[in-house]
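Numbered from 1 within each chain, the chains take letters A, B, ... in sequence-line order.
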Number of protein chains: 2
Amino acid sequence: MIRTNPELAAYIHKLWSSRDYSIQEMDFNAKTIIFEQDKRYGKVYVIREGMAKCYISDENGKDFIQEFLGPGMEFGELEVFDNLTTICSVEAIQNLKTFTMSHQTYQQLLATDSQFNTLVIKALANKIRYKAPRHSYQHSYPIEDNLLRLKKQFPEFTEVIPKKDIANYIGITPRSLNRALRELKDKHNGF
Amino acid sequence: MIRTNPELAAYIHKLWSSRDYSIQEMDFNAKTIIFEQDKRYGKVYVIREGMAKCYISDENGKDFIQEFLGPGMEFGELEVFDNLTTICSVEAIQNLKTFTMSHQTYQQLLATDSQFNTLVIKALANKIRYKAPRHSYQHSYPIEDNLLRLKKQFPEFTEVIPKKDIANYIGITPRSLNRALRELKDKHNGF
DNA sequence: CAATGTAAAGGACATTTGTCCCATGCTTCA
DNA sequence: TGAAGCATGGGACAAATGTCCTTTACATTG
């Protein structure tokens, strides 16, 4: 549920300390909105510490959370090549420490550092591999099963992540989430 | 709804005709299952002609279609690096013509041909960019809106793609699809 | 040619989920 | 400190969707 990428985190840290490329540290307070959907930005970020949410809002103001991003996860990388607008907003849930670099630096790294290139391709592939079954599962199983699954993956999620965000992650309303949580408490007792 | 990638299609064709790399043509009849979910394969495919569906099945036998793949779309690429099992099954909907190469050749190409490398990264990024809003939209809007949207993107979809597949793509049952189609016919008249 | 299988359409009912409320407790802030 | 705002929890009802079943038409095959 909260995605991480230790390998990339370590590598970026190494690149940053080498000072061979223009990579900066940049920190954000909780609730800071770093990317706003449909806007254009020139930077790529990699999370060092903390957690952010990446979400899509529709015209009715409903949010749909794509991923919770933890250490080593990057964002802004999908827009590097064609200088596209973002598809997601990104907001810090906890205080966030990141490394950041320009599109230009990112492309330069991709072109010259084959290890970085491989790590980025793997990261992209993993985002796809992860997304597919998640949405599939959420459609085919009742809410309670989804909650049990999350609980298994990340036991403290109900404490760390606000209810509204959990609901938006599963793609349901807070009301339905509450109903499901109550029934889990009644049944399995100990949720 | 049916994804294509003309740029990659053209480039692979060029690579194939150059004979510099070991790339083969391989064709499949409609309904052939090319990849079975959770198995391991050693090849990457790029579609030349025809259409395939890429889908996840759950234990109850329900399918969830991820993408309809048209010319220029690749599959099997996500498993190249760590020799992972597939997350999706892939089945030809129409007779399918592909180019195919081994994982080894694919990695060699990524490492030595920077234009290929860039095309692949873009293709991965586009898969992600495309997936996110689709699932989000499907959750937040009524079925009828989703159908109108598909109709706009690809007017003949109801003729080309079997009903069951359309339902599995939207993530609903054929029954619900029929209901929605009927109401669209009654209202907008001309669906 | 009969037989079997499969896609499509839809009726009837059950279930799930959403919508719209209201109430409570906690935090924030002027 | 009082007011406003927000997260949480849940009742009552409405709407959307699924389940189960039956029918029809058409294709495939022994």
Using atom names, set out every protein N or O paired with an N or O of nucleotides 26-30 of chain C below 3.5 Å, distance rounded to 0.1 Å.
none

What N/O pairs connect the protein and nucleotides 9-11 of chain D at under 3.5 Å? Give each pair on its own line.
{"from": "D:dG9", "atom 1": "OP2", "to": "A:K163", "atom 2": "NZ", "distance (Å)": "2.6"}
{"from": "D:dG9", "atom 1": "OP2", "to": "A:N178", "atom 2": "OD1", "distance (Å)": "3.0"}
{"from": "D:dG10", "atom 1": "OP1", "to": "A:R182", "atom 2": "NE", "distance (Å)": "2.9"}
{"from": "D:dG10", "atom 1": "OP1", "to": "A:R182", "atom 2": "NH2", "distance (Å)": "2.7"}
{"from": "D:dG10", "atom 1": "OP2", "to": "A:R182", "atom 2": "NE", "distance (Å)": "3.2"}
{"from": "D:dG11", "atom 1": "N7", "to": "A:R175", "atom 2": "NH2", "distance (Å)": "3.1"}
{"from": "D:dG11", "atom 1": "O6", "to": "A:R175", "atom 2": "NE", "distance (Å)": "2.9"}

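At the phosphate of C:dT17, neither OP1 nor OP2 sits under 4.0 Å from any side-chain N or O atom of A:T173. Between B:S176 and D:dG18 there is a side-chain N or O to OP1 or OP2 distance below 4.0 Å.
A:Y169 has its ring centre less than 6.0 Å from the ring centre of A:F68. Ring centroids of B:F116 and B:Y106 are separated by less than 6.0 Å, placing the two rings close together. For A:F35 and A:Y55, the ring centers are positioned 6.0 Å apart or more.
Overall bending of the helix from C:dC1-D:dG30 to C:dA30-D:dT1, expressed as the angle between end axes built from five pairs apiece, is 40° (10° steps).
B:I47 and B:W16 sit in two unconnected hydrophobic clusters of ILVMFWY residues. Membership requires side-chain heavy atoms under 4.5 Å apart, directly or through other members.
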For this session: Test B:D63 against B:K53 for salt bridge (Lys or Arg N to Asp or Glu O under 4.0 Å), laying out the working first.
Result: CA-CA 11 Å; B:D63 292 344; B:K53 62 180 177 182; 5.4 Å; no

Exercise. Does the pair B:D145 and B:R149 meet the rule for a salt bridge (Lys or Arg N to Asp or Glu O under 4.0 Å), with working shown?
Worked result: CA-CA 6 Å; B:D145 292 28; B:R149 191 153 166 265; over 6 Å; no

Exercise. Between A:E77 and A:K43, is a salt bridge (Lys or Arg N to Asp or Glu O under 4.0 Å) present by the stated rule, with each step listed?
Worked result: CA-CA 8 Å; A:E77 86 279 22; A:K43 285 173 180 299; over 6 Å; no

For this session: Apply the test salt bridge (Lys or Arg N to Asp or Glu O under 4.0 Å) to residues A:R48 and A:E25: give CA-CA distance (whole Å), side-chain angles for both, the deciding distance (0.1 Å), then the verdict.
Result: CA-CA 9 Å; A:R48 278 186 295 148; A:E25 295 179 285; 2.9 Å; yes

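In this structure, A:Q24 places its CD atom where more than 12 heavy-atom neighbours from other residues, nucleotides or ligands lie under 6.0 Å away.
We find that CD1 of B:I143 is positioned 16 Å from P of D:dA15, with the value rounded to whole Å. Remark: P of D:dT8 and CG of A:L177 are 9 Å apart, rounded to the nearest angstrom. Between the CD1 atom of A:I161 and the C1' atom of D:dA7 there is a distance of 15 Å, rounded to whole Å. A:I93 places its CD1 atom 15 Å from the C1' atom of D:dA7, with the value rounded to the nearest Å. Atom CG of A:L184 and atom P of C:dT16 are 13 Å apart (whole Å). The nearest whole Å value for the distance from the CD1 atom in A:I170 to the P atom in C:dT17 is 11 Å. Atom P of nucleotide C:dT15 and atom CD of A:E144 are separated by 14 Å, given to the nearest angstrom. A straight line from CD1 of B:I172 to P of D:dG18 spans 6 Å, rounded to a whole angstrom.
If you check the side chains of B:S102 and B:Y21, you find no donor sitting under 3.5 Å from an acceptor. With no hydrogens or angles considered, a side-chain donor-acceptor pair links B:N117 and A:N117 at under 3.5 Å.
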